[in-house]
Amino acid sequence: MAKTILITGATAGFGQAMARRFAAEGWNLVITGRRAQRLDDLKAALSPAKVHILSFDVRDREACDQAIQSLPGEFANIDVLVNNAGLALGLEPAQACNLDDWDIMIDTNIKGLTYMTRAVLPGMVERNAGHVVNLGSVAGNYPYPGGNCYGGTKAFVNHFSKNLRADLLGTKVRVTNIEPGMCETEFSVVRFKGDKDAADQVYEGVQAITADDIAECVFWTTNLPTHVNINSLEVMPVQQAFSPFAVSRDK
Ligand code: NDP
Ligand code: 8X3
């Protein structure tokens, strides 16, 4: 029987690439996002795969619950939930940032992810099968200037994922936190609020990770034998690494 994957944020980037990857392998898909036209176009592009569309905002708790409750029978038993919808907004230092941006990141990357997880988990536990894949980030593991609230939300995703594993011990439900570094998607265009030039500069001269690379990681992680749990998977381009601690010296 075909398995079912629900991907939040399938209108762009990783989510769209994952939809293509899993559809090509014969999975049934539930694709979500706010941009309904893009979901319609993706569904058409994935034909003849079985695809169900749910257009809603993950910040809306009732909408998340309602979306899961509304799933038709053949899509109701979710084998894999990918909590992918998320964003960074701004790169200003904390003391100068826009608090509305912080609210949006917290509401999407933390609260939306928890709403979706809470709505889907009981069914997985009842069936004693399933896999929750969260999109964390290297930003949740290492600080960088301007990462402030975004990094904080991804640190939450990291720790929440591990705590889910603690609660799910004794079941066959798996949890994985995927932690990408620099990947070229619409991420930076969103972060810089539509400034395409600023976004392009982020990737200038770098062979960044692609959305297809991350889709491949998620496909591998979720298709391992069911007794294997990848807790976290940190993925960077070869051209990205670490720098020494920064030190501010008195003159
Ligand atoms: P994109 O901007 O390309 O895609 C983001 C997706 O999230 C879109 O489909 C968007 O859909 C959806 N989304 C955003 N806000 C909401 C919302 N409130 N409700 C529903 N859907 C929402 O970014 P990426 O594909 O790069 O990012 C996907 C995830 O990976 C994010 O969580 C991001 O933080 C993380 N990540 C990205 C990295 C990168 O460098 N690209 C690196 C590490 C992690 P729509 O606007 O239609 O609602
Ligand atoms: C996205 C990667 O380094 O831009 O999560 O924060 S980074």
Side-chain angles (χ1 to χ4, degrees), residues 6-21 30-42 53-61 63-64 67 82-91 101 103-116 133-158 160-161 177-194 196 198-199 201-203 206 208-215 217-218 232-237 239-243:
L6 188 157
I7 304 165
T8 67
T11 56
F14 301 163
Q16 203 175 75
M18 284 183 252
R20 289 206 182 90
R21 182 72 177 93
V30 181
I31 54 173
T32 87
R34 292 165 299 180
R35 287 170 287 183
Q37 184 60 53
R38 285 198 183 199
L39 294 173
D40 288 340
D41 294 346
L42 181 59
I53 289 175
L54 291 170
S55 186
F56 65 97
D57 188 324
V58 294
R59 292 173 292 174
D60 181 339
R61 180 169 153 179
C64 291
V82 187
N83 282 313
N84 166 73
L87 76 172
L89 286 173
L91 200 56
D101 289 348
D103 272 342
I104 293 170
M105 288 188 279
I106 291 166
D107 290 346
T108 311
N109 302 356
I110 297 182
K111 292 171 85 174
L113 180 143
T114 59
Y115 298 156
M116 290 303 293
V133 177
N134 293 327
L135 261 296
S137 168
V138 293
N141 300 344
Y142 314 102
Y144 61 81
N148 45 65
C149 187
Y150 177 69
T153 66
K154 295 302 185 179
F156 172 88
V157 175
N158 174 3
F160 182 64
S161 302
N177 186 31
I178 305 285
E179 301 166 349
M182 186 189 275
C183 307
E184 194 162 359
T185 60
E186 293 179 13
F187 177 84
S188 290
V189 178
V190 172
R191 173 170 242 172
F192 297 118
K193 301 174 181 172
K196 182 85 171 60
Q201 276 176 32
V202 172
Y203 310 108
V206 178
I209 300 279
T210 66
D212 286 340
D213 295 326
I214 295 302
C217 292
V218 173
S232 56
L233 189 60
E234 195 178 273
V235 190
M236 274 183 171
Q239 284 180 269
Q240 183 182 31
F242 311 95
S243 41

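Counting starts at 1 for both ligands and their atoms, in listed order.
Listed by atom number, the atoms of ligand 2 under 4.0 Å from Ala139 heavy atoms are 6 (O). Atoms of ligand 1 found under 4.0 Å from any heavy atom of Pro180 (numbered from 1 in listed order, with element): 42 (C), 43 (C), 44 (C).
Residue Arg21 qualifies as enclosed at atom CZ: its count of foreign heavy atoms under 6.0 Å is above 12.
Taking Tyr144 as the reference, nothing meets the ring-ring contact (aromatic ring centres under 6.0 Å, His included) condition, with sequence neighbours excluded.
Not a single N or O atom of Gly15, backbone or side chain, sits closer than 3.5 Å to an N or O atom of ligand 1. Between Met182 and ligand 1, not a single N/O pair is under 3.5 Å apart. Among the atoms of Tyr203, none of the N or O lies under 3.5 angstrom from an N or O of ligand 1. For ligand 1, none of its N or O atoms has an N or O atom of Gly33 under 3.5 Å away.
The existence of a salt bridge linking Lys193 and Glu186 is excluded, since no basic side-chain nitrogen approaches an acidic carboxylate oxygen closer than 4.0 Å.
At least one heavy atom of Asp57 sits under 4.0 Å from some atom of ligand 1. Using a 4.0 Å cutoff on heavy atoms, Lys154 does not count as a contact of ligand 2. The closest approach between a heavy atom of Ala10 and any atom of ligand 1 is below 4.0 Å. The closest approach between Glu179 and ligand 1 stays at or above 4.0 Å for every heavy atom of the residue. Using a non-hydrogen distance threshold of 4.0 Å, Gly136 registers as a contact of ligand 1.
The protein atom (non-hydrogen) at minimum distance from atom 14 (C) of ligand 1 is Arg34 NH2, 3.5 Å. Protein heavy atom in closest approach to atom 34 (O) of ligand 1: Tyr150 OH, 2.6 Å. Looking only at heavy atoms of the protein, atom 24 (P) of ligand 1 is closest to Thr185 OG1, 3.5 Å. In terms of protein heavy-atom proximity, atom 31 (C) of ligand 1 is nearest to Asn84 O, 3.2 Å. The shortest contact between atom 2 (C) of ligand 2 and any protein heavy atom is with Ser137 OG, 3.7 Å. Closest protein heavy atom to atom 3 (O) of ligand 2: Tyr144 CE2, 3.8 Å. In this structure, the protein non-hydrogen atom closest to atom 1 (C) of ligand 2 is Phe187 CZ, 3.4 Å. Summary of contacts: the protein heavy atom closest to atom 19 (N) of ligand 1 is Val58 N, 3.0 Å.
At a heavy-atom cutoff of 4.0 Å, ligand 1 is contacted by no atom of Ala211, backbone or side chain. When heavy-atom distances to ligand 1 are checked against a 4.0 Å cut-off, Glu184 has no atom that comes that close, whether in backbone or side chain. Only the backbone of Phe56 comes within 4.0 Å of ligand 1, judged by heavy-atom distances.
The option from Arg191, Met182, Glu179 that lies nearest to atom 4 (O) of ligand 2, judged by heavy atoms, is Arg191. Here atom 11 (O) of ligand 1 lies nearest to Thr11 when heavy atoms of Val202, Leu135, Thr11, Ile7 are compared.
Judged purely by distance below 3.5 Å, without hydrogens or angles, the side chains of Asn83 and Asn134 pair a donor atom with an acceptor atom. Side-chain contact annotation: Tyr142 with Glu179, donor-acceptor N/O pair under 3.5 Å absent.
Judged by the 6.0 Å distance and 45° axis criteria, Arg191 is positioned over the aromatic ring of Tyr150.
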